[in-house]
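Since the structure comes first, as structure tokens, the remarks are kept for the end.
Here is how names work: the chains are called A, B, and so on, in the same order as the sequence lines, proteins then strands, and each is numbered from 1.
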Protein chains: 2
Amino acid sequence: MRWLNAEEQQVWRAFMTAVTKFTDHLDRQLQRDSGMPMAYYEILVALSEAPGRALRMSELASVCHSSRSRLSHAVARLEKEGWVERRACPSDRRGSIAALTEIGFGVLEAAAAGHVTAVREHLFDVLTPAQLRSLAEISRAVDAGLTTECANVRREEFADL
Amino acid sequence: MRWLNAEEQQVWRAFMTAVTKFTDHLDRQLQRDSGMPMAYYEILVALSEAPGRALRMSELASVCHSSRSRLSHAVARLEKEGWVERRACPSDRRGSIAALTEIGFGVLEAAAAGHVTAVREHLFDVLTPAQLRSLAEISRAVDAGLTTECANVRREEFADL
DNA sequence: CGGCCGTTGTTGAACCTTCAACCAGGATGC
DNA sequence: GCATCCTGGTTGAAGGTTCAACAACGGCCG
């Protein structure tokens with residue numbers, strides 16, 4: 001078992017502190033100004049960018065990195081607000097399609113300005129161009145590490161079959 | 001209103017994807033292997049490092065970047081598990097002190113190994129030393145941007161008094 | 001066709017977080 | 001001393017997430 005040395009500890013804590021404070025800030029901003037948490041905002045964004053502003057639940061889940069259960073609950077709420085509506089899927093009778101309504105699109109447009117401003121103010125404006133490039137690389141590396149990990153887990157699961 | 005250009009969008013999405021997947025992974029690991037979410041783990045860590053393994057609630061809240069309400073609920077749960085106990089504060093009769101129990105310390109020790117392994121595996125092992133230094137700088141910059149922001153908000157609030 | 005398995009999506013319970021309201025105790029000013 | 005305000009901490013309700021269980025459908029192979 002290899003523990004973190006002093007320097008690693010510092011990086012780790014600085015990172016976690018920044019991330020929690022940052023996401024907390026964004027979440028609060030959206031909740032306050034637009035009445036939805038960031039996860040719900042991401043759902044609306046994903047739908048708005050899809051062809052026909054509609055997606056099957058499972059695709060939406062994978063785009064948003066959300067579990068199907070979470071998405072199901074979330075869409076139920078968004079539907080109650082009238083921002084999203086559910087349709088039957090013509091090609092697969094199990095399927096369900098979530099579609100952004102006009103009202104939902106308007107709400108998203110209204111929410112976007114404040115959200116983007118917050119992101120710019122607390123991320124892009126406090127970092128140099130070099131740091132931004134570095135952050136992109138770092139993010140991709142971490143992401144890749146997590147995806148291959150999942151693949152490895154699967155490999156292990158099936159190793160003895 | 002200045003939107004994000006294509007390059008900024010890429011950085012932003014890569015970053016959010018990495019962060020959500022990474023924290024999700026850590027949270028799930030801790031929940032599965034030790035029966036607590038990461039926020040609760042952080043509370044135990046903070047207490048274990050405090051003199052006498054005890055802290056006043058408000059100090060604990062600030063160390064953990066948690067709201068007092070959240071901490072109160074969390075400590076209630078930790079107390080029910082027998083991992084933490086509450087004591088009266090001698091110097092301030094409003095105060096409440098959370099103290100790590102022996103059992104709690106043992107649980108923390110048991111949880112730490114798996115958690116640190118996960119952090120090392122998905123953060124330190126996938127980044128180069130230069131990237132780690134860069135990540136530390138970036139984190140500090142973002143953190144600083146958020147703290148001065150709060151100060152600014154306060155200044156605005158009281159500007160006309 | 002019929003059985004079996006994997007996938008899709010939903011549901012309810014348990015848990016965590018947030019928010020607003022609140023009580024109790026310190027601190028300040030008169 | 002007392003009114004006022006601020007701080008420390010808790011509480012309950014409302015909302016969000018997770019997990020396990022489930023129903024319904026598609027795909028595959030005999």
Considering only [options], which nucleotide approaches the side chain of [X] most closely?
X	options	answer
A:R93	D:dG26, D:dG9, C:dT8	D:dG26
B:Y40	D:dG8, C:dT10, C:dC16	C:dC16
A:S72	C:dT11, C:dG6, C:dT18	C:dT11
A:D92	C:dG25, D:dG9, D:dG26	D:dG26

Atom-pair distance ([atom1] on [X]; [atom2] on [N]), nearest Å:
X	N	atom1	atom2	answer
A:D27	D:dT17	CG	P	9 Å
B:H25	D:dT18	NE2	C1'	17 Å
A:K80	C:dT10	NZ	C1'	14 Å
B:M57	D:dT11	CE	C1'	13 Å
B:L78	D:dT10	CG	C1'	16 Å
A:E81	D:dG15	CD	C1'	11 Å
A:D24	C:dC16	CG	C1'	13 Å

ask   = Starting at the 5' end of DNA chain C, which residue's closest nucleotide do you reach first, A:Q31 or B:Q31?
value =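 Its nucleotide being nearer the 5' end, the pick is B:Q31.
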Residue-phosphate contact under 4.0 Å: [X] side-chain N/O, [N] OP1/OP2:
X	N	value
A:R70	D:dT18	yes
B:R56	D:dG8	no
B:R86	D:dT10	yes
A:R77	D:dG16	yes
B:S96	D:dT10	yes

Worksheet item: Think A:R53 forms a cation-pi with A:F105, using NZ or CZ under 6.0 Å from the six-ring centre and within 45 degrees of its axis?
Response: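 The answer is yes, since A:R53 meets both limits relative to A:F105.
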Is there a donor and acceptor pair closer than 3.5 Å between the side chain of [X] and the base of [N]?
X	N	value
A:R94	C:dT7	yes
A:S69	D:dT17	no
B:H73	D:dG9	no

- Query: Taking A:V84 as the fixed residue, which of A:I103, A:L44, A:T101 is the one that meets the side chain to side chain contact (heavy atoms under 4.5 Å, CB included) rule?
  - Reply: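 Among the candidates, only A:L44 passes.
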| query | Taking the six-membered ring for Trp, are A:F22 and B:W12 parallel (under 30°), tilted (30 to 60°) or perpendicular (over 60°)? | reply |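 It falls in the perpendicular class, over 60°.
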Q. Using 4.0 Å as the upper bound for N to carboxylate O, is an ion pair formed by B:R133 and B:E137?
A. no
### Query
With a non-hydrogen cut-off below 4.0 angstrom, is B:A39 in contact with a base, only sugar-phosphate, or nothing?
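Counting heavy atoms under 4.0 Å across all strands, the contact made by B:A39 is with sugar-phosphate only.
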Looking at A:S34 and A:Q31, would you say the former's side chain and the latter's main chain have a donor-acceptor pair under 3.5 Å? no
